[in-house]
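Bear in mind the structure is a predicted one, so any value in this text is a computation, not a measurement.
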2 protein chains.
Amino acid sequence: MAQLRAFEAARAKGAEMPEIVCFEKQSDWGGQWNYTWHTGMDGTGETAHSSMYRHLWSNGPKECLEFSDYTFDEHFGRPISSFPPREVLFDYIAGRVEKSDVRKYIQFNTAVRWVTYDKSSEEFTLVSQDVNTGESKTYIFDKLVVSSGHFSTPNIPEFEGINTFPGEVLHAHDFRGAERFGGKKLLMIGSSYSAEDIGMQAHKMGAASITMSYRSGPMGYDWPSTTVERPLVTRFEGSTAHFADGTSDEFDAVIMCTGYLHKYPFLPSELAVKSANVLYPGNLYKGVVWQQNTNLFYLGAQDQYYTFNMFDAQAWFARDVMTGKITLPPADQRSVDIKSWLDAQDALADHDAEADFQTDYVRELIQATDYPEFDLDAVSTLFKDWMRHKSEDILGYRDKAHRSVITGTMAEVHHTRWINAMDDSLERYLNGPSQNVDTNAMATLDPNIILTKER
Amino acid sequence: MAQLRAFEAARAKGAEMPEIVCFEKQSDWGGQWNYTWHTGMDGTGETAHSSMYRHLWSNGPKECLEFSDYTFDEHFGRPISSFPPREVLFDYIAGRVEKSDVRKYIQFNTAVRWVTYDKSSEEFTLVSQDVNTGESKTYIFDKLVVSSGHFSTPNIPEFEGINTFPGEVLHAHDFRGAERFGGKKLLMIGSSYSAEDIGMQAHKMGAASITMSYRSGPMGYDWPSTTVERPLVTRFEGSTAHFADGTSDEFDAVIMCTGYLHKYPFLPSELAVKSANVLYPGNLYKGVVWQQNTNLFYLGAQDQYYTFNMFDAQAWFARDVMTGKITLPPADQRSVDIKSWLDAQDALADHDAEADFQTDYVRELIQATDYPEFDLDAVSTLFKDWMRHKSEDILGYRDKAHRSVITGTMAEVHHTRWINAMDDSLERYLNGPSQNVDTNAMATLDPNIILTKER
């Protein structure tokens, strides 16, 4: 969506549009934000792309991801809160591209099966397949932009005895809602955003206990009394998990919050990013241009403090490289540049430094293009405030309001605190607290969870 | 495995072996019988192939699937019961191919990404990819045998309101064991083997209730008192399902036993079977040879009364066509032959007739090859006895013993009745009833389920 918007923005200023084909396996755009109830596979037998779940509310301030060329004020026409739920963010990102009239470039329900690159002709050959009819087509392209993301293929470790754990075992990718974990004893394996957020979703939905198991170290938040952190599971025995500190406990379900793999099953190895989830994967000049083949681009291949607006900065940069507006330096100079970023990454001391690092990265991209500039230092400060708020109150940080660095608009204080918000629909979000409790969400809730109309 | 064994059997008789490469995405052979606890995706980010679950015991007599060139007597050296659990059947089919020394032809951990066919050179070009390293390779082949099966890509219908059903929703493909449904109210959508067997697994593991929802008609077995059949779900509302007869009920979980898709994401449309799950898919001469391209073969593309021995009959036939021992008739005669089978299929009146139909089909293949003949009419009678036993006692039919039509060996009466057998391991199966109850299976069992050492 960012790449299409980037070209459309240039076209609106009079530039010539290249011939563009965008392939999307799903029936609608939005990627992660295009929620499906399907897990594993969708109705066409393709893997379910999205790792989205019901009741997901942004876990970072919307002021940190705001498009500088399409603000929240422009879309909603009024202030909204800083941590909107999924449907609201989907509405925002879809609203921008609807306005841009770029849907016509997208072939929906179309999977990319395989891509090859011919060095002599400098062309990509791409085979696509209609996931409904099976019809396949072959295309030739000069440039290829990979924007399939890297948070949809689960990383799934093995544990002794897990094959006979009698309860549910799932990866965060296949988590679609915590309602059914009301009253249950949950084991989360992992200690990053998925464990934190799914764990607190489960707490919100009345889980009896939430145990988070870490490999390197605990997250250390001021968890509610339901929640504990333990070192890594050493083995399962029936429904009992044994931990590295010698403790053990019985669990009803295991959720693997063990991250995601860079997986590009449509690309030969020599064109595919091979990386852990880091702020600066190697081999990508400016985090975007494939070092061995500058006709190949990646958007969003990084770990992400910045999201939507970083994807824009990358897409504007990629566009300008593709159209020749930006001239790439020779390979050795690009290598030096990549290495300087990798060295800086290695030296990062803490999360604050990481936010600054990605701020500097986004700044460099924006300065190279005509993407509307905004106060990136102010965004970096927002990130630090947000991390401090999380440390202070892991269940309450989403109730804070932040100020847009683009429009100066102060976010609304939301009508319902996150912990009490049991209806995540756009309609309820915009139109105020319900007079009725949400009967769907109530169905499996522990009765000691009180739904309230007050904040 | 059948195709490799077919070539190996010919080699043992002095025939020349062609150059064979067999691609297997998983790390071991066995396909469906290669159990994994993974659902959705495996540890490499590839889709989990197997639809297998813990505590799956054969749902048909082993005497109906026995290899005539490798009997149960030969493998186990003693009589065993007629309905063995997964690990026992896996041991049997793996034992045969281990003996054949065909593992060397298999590239494990290797996915096939895309295949094309060049009509002028009459060659297939195949792109494979190592699922661990990402390394891809391109091969040229004269013949292609598709034996990836058609019971691993779930068919998943949509239902109004299912996207907010608060409980677990899964397809039978992702079902790995019923232990966690002890005490739960289960809704099974579907009325074929998956609904029947997973439903009775859940009953065995102490489910509070099992509701099976049919589209065309009820299965009508003499279900236990926990189990009812209802017409199709019209919509969900929270945790309540509404049925076409106007009734409704609340459920803890939904299991879609809605069948599987023929899905070949590595094949262009013009080479891919497009069919419902029927005994005779169109477009395949003798159910094996692709009508428009006789260099292309399918094994096991049918719905199946016969399994292992039918795959053998097909593999022997395919082998003899590939080596020229069998000369194919011209296309128009093949079309007439296909049509005669399709017409006969259309006229099938009941399940008994279906068993006879597939018996005739297997007979024709075996008679065309040197696959060891066996009394197929006796097998057809076994199928009919089995279906009658199911009608009489859906929880007890697996306790019956049948006689091998190949060796004449009468099956052992198993030491534990199926309903009481809580340990499905090969070790326990062969070595007799446990002195201890199975603590794994007990973990989530309702205490009113009594495990007993007696049959």
With a 4.5 angstrom heavy-atom cut-off, could you sort out which part of [X] is near chain B: side chain, backbone, both or neither?
{"X": "A:L170", "result": "neither"}
{"X": "A:D42", "result": "backbone"}
{"X": "A:Y260", "result": "neither"}

Where does B:D174 contact chain A at under 4.5 Å (heavy atoms): side chain, backbone, both or neither?
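Side chain of B:D174 only, per the 4.5 Å heavy-atom cut-off to chain A.
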
Using heavy-atom distances under 4.5 Å, tell me whether B:H171 contacts chain A through its side chain, its backbone, both, or neither.
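Nothing of B:H171, per the 4.5 Å heavy-atom cut-off to chain A.
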
_Counting C-beta onward and ignoring hydrogens, is there a side-chain heavy-atom pair between A:F266 and B:Q129 closer than 4.5 Å?_
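Not touching, per the 4.5 Å side-chain cut-off.
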
Is it true that a side-chain atom of B:R180 and a backbone atom of A:D252 form a donor plus acceptor pair closer than 3.5 Å?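 Pair absent, no side-chain N/O of B:R180 close to backbone of A:D252.
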
Discussion item. Using modelled atom types and a 3.5 Å cut-off, is there a donor and acceptor pairing between side-chain atoms of B:R54 and backbone atoms of A:N163?
Written reply: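 Confirmed, B:R54 side chain pairs with A:N163 backbone.
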
Looking at [options], which makes the most heavy-atom pairs under 4.5 Å with chain A?
{"options": "B:T47, B:V127, B:L261", "value": "B:V127"}
{"options": "B:H173, B:H38, B:E135, B:K274", "value": "B:H38"}
{"options": "B:G40, B:A272, B:G177, B:G45", "value": "B:G45"}
{"options": "B:E158, B:E46, B:E270", "value": "B:E158"}
{"options": "B:I156, B:T44, B:T133, B:V169", "value": "B:I156"}
{"options": "B:T39, B:I162, B:T36", "value": "B:I162"}

**Report entry** Steps toward side chain to side chain contact (heavy atoms under 4.5 Å, CB included) verdict (B:F165, A:R176)
**Finding:** CA-CA 10 Å; B:F165 179 83; A:R176 293 289 177 270; over 6 Å; no

**Message:** If you count heavy-atom pairs within less than 4.5 Å of chain B, which of A:A253, A:G161, A:P268, A:P265 leads?
**Reply:**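 Looking at each of A:A253, A:G161, A:P268, A:P265 in turn, A:P265 comes out on top.
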
For chain B, find which of A:P157, A:P154, A:A48, A:S152 contributes the most heavy-atom pairs closer than 4.5 angstrom.
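Going by pairs under 4.5 Å, I would pick A:P154.
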
Nearest 0.5 Å, please: how far is CH2 in A:W114 from OG1 in B:T116?
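Between B:T116 OG1 and A:W114 CH2, I get 13.0 Å after rounding to 0.5 Å.
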
What closest approach, in Å, do B:T153 and A:M41 show between heavy atoms, and which atom pair accounts for it?
->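 B:T153 and A:M41 have their closest heavy atoms at CG2-SD, 4.0 Å.
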
| said: Please check if the number of heavy atoms outside B:K137 that lie under 6.0 Å from its NZ is greater than 12. | reply: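 Atom NZ in B:K137 is not packed in, count stays at 12 or less.
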
